[in-house]
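Some notes on the structure that comes next.
Below, each value reflects all heavy atoms present in this structure, side chains not excepted, and no hydrogens, waters or symmetry copies.
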Amino acid sequence: MLENRFPNIKVIESGVKQLKSEEHCILTEDGSHHVYEKLCLCAGAKPKLICKGNPYVLGIRDTDSAQEFQKQLTKAKRIMIIGNGGIALELVYEIEGCEVIWAIKDKAIGNTFFDAGAAEFLTSKLIAEKPEAKIAQKRTRYTTEGKKKELGTKANADNIGSALGPDWHEGLNLKGTKEFSRKIHIETMCEVKKIYLQKEFRISKKKSLTFPRDHHNQTVTTDTEIWPVYVELTNEKIYGCDFIVSATGVTPNIEPFLCGNNFDLGEDGGLKVDDHMHTSLPDIYAAGDICTASWQPSPVWQQMRLWTQARQMGWYAAKCMAAASLGDSIDMDFSFELFAHVTKFFNYKVVLLGKYNAQSLGSDHELMLRCTKGQEYIKVVMQNGRMMGAVLIGETDLEETFENLILNQMNLSSYGEDLLDPNIDIEDYFD
């Protein structure tokens with residue numbers, strides 16, 4: 001499709017075998033050599049699977065594995081989800097007709113995105129009965145086109161497909177075998193200690209627990225059902241399930257490019273890039289999850305391995321490469337001035353702005369909150385009278401106002417608590 005639309009583009013479908021940076025050349029698995037003037041590495045990230053090679057552990061990392069998950073779910077009565085990021089949050093809400101045991105290592109859900117207060121606000125929605133109208137999406141939607149190829153065979157499982165993007169579960173029917181809408185039990189402050197296959201579990205003579213019926217009745221009952229796989233958690237609890245979903249984050253996919261090349265790497269294992277997306281090697285750029293932003297960032301921006309940010313980086317890297325080829329200078333792109341992410345969790349619109357979790361501000365900050373149960377949750381991070389970040393959950397209509405207040409760093413000390421007073425039309429005031 002790209003080649004048809006743009007005659008100057010050539011698409012090569014092949015994996016990279018080796019990068020020879022000194023020779024400005026790439027060797028691909030199909031045996032070809034490709035010489036480049038400038039190169040941009042956008043190989044994304046790989047999922048951190050809790051356990052490799054176990055047929056009952058599924059990672060959800062791309063469109064193919066999401067479809068494989070849907071196929072497995074249709075036969076499942078109970079699954080276990082490990083992880084506390086965006087994919088885990090979306091899954092627990094979307095799955096119907098299947099018991100879900102959700103194990104997280106933190107005290108509260110979604111701690112990459114929220115503080116404990118916001119987590120509490122959202123958890124009440126999780127326990128409520130689900131069916132409700134979906135909120136309308138006002139942004140561009142990203143979906144895959146046309147019929148999917150047959151799912152790759154297991155031998156092909158190492159090939160990472162395209163990243164999921166914000167609309168990955170649209171069009172997937174995430175329904176198990178049971179007739180109820182949602183049953184979720186959350187195990188906090190724990191990680192996976194050991195995974196047993198059915199036979200190993202029988203030999204171990206250990207006992208597994210039934211799905212907890214309610215939180216008040218703490219009687220522990222042994223599960224009589226026989227499951228394909230069992231998970232022992234660090235809190236000593238054992239649960240059986242049909243399969244396990246590993247949603248424990250990603251690591252930059254740098255391996256194919258390291259051999260013989262002396263890249264500077266960031267602490268998180270990504271290729272270090274400067275403010276023009278240039279790596280430490282000549283004529284090689286990187287963008288998205290594979291890279292680590294190593295410039296002095298704006299005080300209200302931080303890197304996060306999110307689909308939206310990868311897209312902005314790719315767009316900016318292309319501009320930088322084109323400018324370098326023409327010998328032009330180029331300014332840092334505006335999208336790196338302020339961290340902004342819009343998503344949807346539990347059917348609430350969620351907007352994260354700036355240092356929304358007071359990242360790197362130490363104890364030198366104040367929080368202001370406004371919460372209407374079941375409707376909205378607003379948290380503002382203030383430092384020296386200036387707004388540094390915000391979390392907006394629900395239809396608050398405050399995102400543009402707050403975005404401007406964070407960007408222009410206006411001193412808001414004189415407004416005090418009135419800033420979040422629901423009776424004051426703050427967006428009109430600062431218009």
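- Residues His34 and Cys25 are not in side-chain contact: their nearest non-hydrogen atoms beyond the backbone lie 4.5 Å or more apart.
- Put simply, the side chain of Leu89 reaches to within 4.5 Å of the side chain of Trp102, judged on heavy atoms.
- Looking at Leu419 and Met368, their side chains come closer than 4.5 Å, going by heavy atoms from C-beta outward.
- Counting heavy atoms from C-beta outward, Thr28 and Ile26 have side chains that approach closer than 4.5 Å.
- In this structure, Phe345 has its ring center at least 6.0 angstrom away from the ring center of Tyr93.
- With contacts defined as side-chain heavy-atom distances shorter than 4.5 Å, the pair Met382/Leu367 does not qualify.
- By the 4.0 Å N-to-carboxylate-O rule, Arg78 lies close enough to Glu99 to be salt-bridged with it.
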query: Would Tyr56 and Val231 count as a side chain to side chain contact (heavy atoms under 4.5 Å, CB included) if you check the C-alpha gap in whole Å, the side-chain angles of each, and the deciding distance to 0.1 Å?
result: CA-CA 11 Å; Tyr56 296 103; Val231 181; over 6 Å; no

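- Ion pairing between a basic and an acidic side chain is recognised when a charged N comes within 4.0 Å of a carboxylate O; Lys349 and Glu399 show such pairing.
- Residues Lys75 and Asp242 are not paired through a salt bridge, judged by the lack of any N-O separation under 4.0 Å between the basic side chain and the carboxylate.
- Using a 30° and 60° split on the angle between ring planes, Phe211 and His185 fall in the perpendicular class, above 60°.
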field: Working for side chain to side chain contact (heavy atoms under 4.5 Å, CB included), residues Ile81 and Val92
entry: CA-CA 8 Å; Ile81 295 175; Val92 288; 3.8 Å; yes

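- Summarising the geometry of Pro212 relative to Tyr239, their closest heavy-atom pair is CG-OH, 3.7 Å, with the distance given to 0.1 Å.
- With salt bridges taken as basic N to acidic carboxylate O contacts below 4.0 Å, one links Glu376 and Arg370.
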Expected list for residues 286-294: side-chain donor-acceptor pairs under 3.5 angstrom, two or more places apart:
| from | atom 1 | to | atom 2 | distance (Å) |
| --- | --- | --- | --- | --- |
| Thr292 | OG1 | Asp268 | OD1 | 2.5 |
| Thr292 | OG1 | Gly270 | N | 3.3 |
| Ser294 | OG | Thr292 | O | 3.1 |

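- A donor-acceptor pair shorter than 3.5 Å can be found between the side chains of Asp364 and Gln383.
- Inter-residue side-chain proximity for Tyr377 and Thr396 is flagged as unmet; no heavy-atom pair is nearer than 4.5 Å.
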- request: Start with the C-alpha gap between Phe201 and Trp227, add the side-chain angles, then the distance that decides, and say whether side chain to side chain contact (heavy atoms under 4.5 Å, CB included) holds.
  value: CA-CA 10 Å; Phe201 187 70; Trp227 298 95; over 6 Å; no

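- Side-chain contact between Asn357 and Phe113 is absent, with no heavy atoms from C-beta onward closer than 4.5 Å.
- When Thr279, Asn262, Asn261, Asp283 are each tested for a side chain to side chain donor-acceptor pair (under 3.5 Å) with Ser21, only one passes: Asn261.
- Exactly one residue among Glu187, Glu232, Glu191 makes a salt bridge (charged side-chain N to carboxylate O under 4.0 Å, His left out) with Lys237. That residue is Glu187.
- Scanning all heavy atoms of the two residues, the minimum distance from Gln409 to Met388 falls at OE1-SD, 3.7 Å.
- Between Met80 and Leu233, some side-chain heavy-atom pair lies under the 4.5 Å cut-off.
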task: Start with the C-alpha distance between Phe121 and Tyr348, add both sets of side-chain angles, then the distance that settles ring-ring contact (aromatic ring centres under 6.0 Å, His included), and finish with yes or no.
output: CA-CA 11 Å; Phe121 173 82; Tyr348 284 111; 5.1 Å; yes

- request: In sequence, state the C-alpha distance, the side-chain angles, and the governing distance for Trp301 and Phe339, and then conclude on ring-ring contact (aromatic ring centres under 6.0 Å, His included).
  value: CA-CA 4 Å; Trp301 185 86; Phe339 175 86; 7.6 Å; no

